[in-house]
Amino acid sequence: MVNEGPYQRQSSDSAYLFCRAAIESGHQIERVFFYHDGVNNATKLTEPPQDDRNVVARWTKLAEEHGVDLVVCVAAALRRGIVEQNLAQGFRISGLGQLVESAIASDRLVVFGD
Amino acid sequence: MVNEGPYQRQSSDSAYLFCRAAIESGHQIERVFFYHDGVNNATKLTEPPQDDRNVVARWTKLAEEHGVDLVVCVAAALRRGIVEQNLAQGFRISGLGQLVESAIASDRLVVFGD
Amino acid sequence: MLHIVNKSPGERATLDSCLAHVRPGHSVLLIEDAVYAATKGHAAAAKIQAALATAKVFVLAADLEARARAGAVIDGVVQVDYKGFVELVTQNPRVQSWL
Amino acid sequence: MLHIVNKSPGERATLDSCLAHVRPGHSVLLIEDAVYAATKGHAAAAKIQAALATAKVFVLAADLEARARAGAVIDGVVQVDYKGFVELVTQNPRVQSWL
Amino acid sequence: MSEGAIKKFLFVNRKAPYGSVYALEGLEVVLISAAFDQDVGLAFLDDGVYQLAKGQNTKAIETKNFSPTYRALEGYDIEKLYVERESLEARGLTEDDLLVDVQVLGATEMAALMDEMDVMISF
Amino acid sequence: MSEGAIKKFLFVNRKAPYGSVYALEGLEVVLISAAFDQDVGLAFLDDGVYQLAKGQNTKAIETKNFSPTYRALEGYDIEKLYVERESLEARGLTEDDLLVDVQVLGATEMAALMDEMDVMISF
C-alpha cells in the first residue's frame, strides 16, 4: 500500500525498491494498492528531469515484467484527478475492496506513506 | 504560495479561505503560486464527492471573479504530470521566476504548506 | 513579525522550532492542526503559556470549531476569524510559516 | 512483530509512538529520514540505545548512505539492505508502519 | 492462510481530522472492510483520538464533517473501538469528550492487542 | 516598495534531504532568485542542516544527489549561508561535517536575523 505521490516524499521510492528486492528474493508481489496521494503515482503525464528517476515508468515496468497488479483507489483518484484519460500503462482503477481483499489473501501487507 | 495538493492536506483550503477573506477586506491578491505538490491543485480532472468542497473549481472561480493570477510552477508540474492537457481554467504554467517576482512586487508573501 | 504554525505539537516539532525564534512583541498564529496546542490540558499548553509572557498568541477559530476545541482555549490566547488572519498579516511587516 | 519508522525524530513524534509499543523480542526498522535516530550524538540516540535492551533495531543502509550518515551508526544497531528489509518482513508475522 | 479464514484486522488511526485526509480516507477503508466478514477493530492513538471528539463543526472551514460516521460504525457491526489512555491524557481529553463508546487501553495493553493481529493498516 | 528596490530574502530550510522533495525544490527557487539581483541568504535549521552533510551518496536509493549544488551557490553570488548551532548540536554534527563554508548562528541570533528580512520563504 502506497500513500504518497511521486517525488514529494520518499514513500513511493521506498515501496518500489522494496518490491523489486522482494521479487529478486523469490517472493511474489501480488498487488500494490495506491491510496491517498499515492494515486498520483499513476499519471502518465509526468516528465521528470532527465537526470533523475522516472517514478511512474518504473512502476509500469514492474507491472509488465513481473505481473504485479497496480491498483489505484477510485475514490481517492477522483478527488485528485486521476482518471482513465491520464492513467499510465500497467495501472488499473478499482475499489477499496481490492485493498481489503489483498490483505486477506496475502501473507503480508506493508504500508508506505507519510 | 501553496505547497500541498488538494484534499491530502488542509494547506490549499487554508490558502483559499485566506485569499477570499483578504479580497473581502479590500486587499488585492496579486498572485497565488503553486509549488511542490501544490501544482496538483491545477488539474481539471478532479471529481470530488457531491457533499464535499470542490477545491479546484473554487480556485478557478477566484481567478475569474477577482482576477487572481494562478501560476503553476512548470518544473514541479512536469514532475507530477500537470500539463496544458489537464490544466483547469484560470491557471497558467510558468517558471519559478514568477514566485520571486511576486515576492519583490508584493507587500506580503504567505506560505501555506506541509 | 508574524509566525504561523499549522501542525499539531503531538505530531511535529514545528511549534518548538517556532517558539525558539519568537522575539518580544512578535505574534504567533496557530492554524489547522496547530490549534490543539492552545487547548486546556494539552501537554503543549504550558509552552504557549510561557510564550504569552512576551508575545501575542492567536488561534484560528474556524479550525478550533472544526476540531470541537473552541471551548477549551487557554486564557490569554485570542481567537480570530479569517479576516483577523488577514489583519495579522497586514499589521506585521514579515511572515514566517513554520512548515 | 516488525515496526517500521520512516520520519526523522527531529521532525515528528512517530519514533516515540513506535517505541512506546515495542514489546520484548520485537524488531524496529528505521528507513528514510528515520535513519538519523540511530546516529551518534543525535538527541534521539539514547532512546534507540534503551530500546536495544529488549528489542532489535535495524536501519536501512541505502538511506544512511544517501544522507552521509552510514559511518555514524551507534553500536548494536544493524544495517540492512533492501533484501534485508524483505527478510525482516517475512520473518515477522505482522508489520506496523508508524506513519 | 486459506481463502475462507477470518483474519484479525486493526486499523490504526494516529492523525487528527481535517489537517490531513488520512482520518476521512481511513474511515472509508474501514466501511468497505465491513463487507468482507473479517474481525475488524479500530485503534485510536496519538492525535488519532481527536477524530472522535464530540461537537465538531466544520462550517467555517467549508469542509465535510465526517465525524457522524463514527456513530454509524455500529450499524456495520464494527464495534471494537480502542482508544489509548496516554494519548487522551496528553491532550487534556476524557472519555466524556468522545462521540462514541470506546474501550480505553493503556499503551502496554495496546501493544499487546497489536501483537495479536493478522493485519494492521495504519493512517 | 518601488520596482527597483532591493529586498532582503531569506530562504529557510528546515527539512532533511531525500525523505521529501522540499530540499531539492527549495534549492531550485534559490538558484532562480539569483537572477533577480536581490539580497539573498539561506538559513538551515532543524533537519535542514542535514542538507549540507558532506559525503552524500544516493546510488542505493536511485535518486539524484543534488548536494553538489550547494557548492555551486557561490558561483551565483549566493554566499550568505547561515546554520543554526543548536540544530547541529542536537544532531551530533559539527561544521566539519558540512560540505560548504557557513556562518554558524545561535537560535537567538537567527531570530534577530529573521527580524531584519523583507521576505522569508520556508520549505
Side-chain angles (χ1 to χ4, degrees), chain A residues 1-13 16 34-60 70 72-91 93-96 111-114, chain B residues 1-13 16 34-60 70 72-91 93-96 111-114:
Chain A
M1 178 167 166
V2 178
N3 292 338
E4 285 290 324
Y7 303 105
Q8 183 84 351
R9 287 178 183 77
Q10 204 186 339
S11 318
S12 172
D13 298 291
Y16 167 77
F34 296 89
Y35 198 37
H36 306 306
D37 263 9
V39 301
N40 290 326
N41 281 283
T43 173
K44 67 176 174 196
L45 301 175
T46 60
E47 294 175 42
Q50 294 289 334
D51 58 353
D52 204 353
R53 74 253 189 236
N54 188 323
V55 172
V56 178
R58 64 188 189 183
W59 279 122
T60 296
L70 306 178
V72 176
C73 169
V74 61
L78 284 173
R79 277 196 186 97
R80 293 167 179 86
I82 301 296
V83 294
E84 292 296 339
Q85 188 187 329
N86 60 350
L87 194 72
Q89 237 173 343
F91 291 85
I93 296 176
S94 188
L96 270 172
V111 184
F112 293 89
D114 183 45
Chain B
M1 178 166 166
V2 179
N3 292 339
E4 285 289 325
Y7 304 106
Q8 183 84 352
R9 288 179 183 77
Q10 205 186 338
S11 318
S12 172
D13 297 291
Y16 166 76
F34 296 88
Y35 198 38
H36 306 306
D37 263 8
V39 301
N40 291 325
N41 281 282
T43 172
K44 68 176 173 195
L45 302 174
T46 60
E47 294 174 42
Q50 294 289 334
D51 57 353
D52 203 355
R53 74 248 189 239
N54 187 323
V55 172
V56 177
R58 63 188 191 185
W59 281 121
T60 296
L70 306 178
V72 176
C73 168
V74 61
L78 283 174
R79 276 197 188 98
R80 293 167 179 85
I82 300 296
V83 295
E84 292 296 340
Q85 186 186 331
N86 60 350
L87 194 71
Q89 237 174 342
F91 292 86
I93 297 176
S94 188
L96 270 173
V111 183
F112 293 88
D114 183 45

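It should be emphasised that the depicted structure is a prediction, and the values quoted were computed from it without experimental measurement. Just so we're on the same page: letters track the sequence lines, and every chain starts at 1. Heavy-atom basis, side chains included; hydrogens, waters and symmetry copies ignored.
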Checklist entry - Rounded to the nearest 0.5 Å, how far does OG1 of A:T46 lie from CZ of B:R80? => result 11.0 Å
Checklist entry - Can A:Q85 and B:Q85 be counted as having a side-chain donor-acceptor contact under 3.5 angstrom? => result no
Checklist entry - With only heavy atoms counted, which part of A:D37 is less than 4.5 Å from chain B, the side chain, the backbone, both or neither? => result both
Checklist entry - For A:N3, is it the side chain, the backbone, both or neither that has a heavy atom under 4.5 Å from a heavy atom of chain B? => result backbone
Item to check | Output field: ring centroids A:F91/A:W59 closer than 6.0 Å | outcome: no
Checklist entry - What option among B:G81, B:A77, B:P49 has the most heavy-atom pairs under 4.5 Å with chain A? => result B:G81
Checklist entry - Considering all heavy atoms of both residues, which atom of A:E4 and which atom of A:N41 are nearest to each other, and what is their separation? => result O-ND2, 2.9 Å
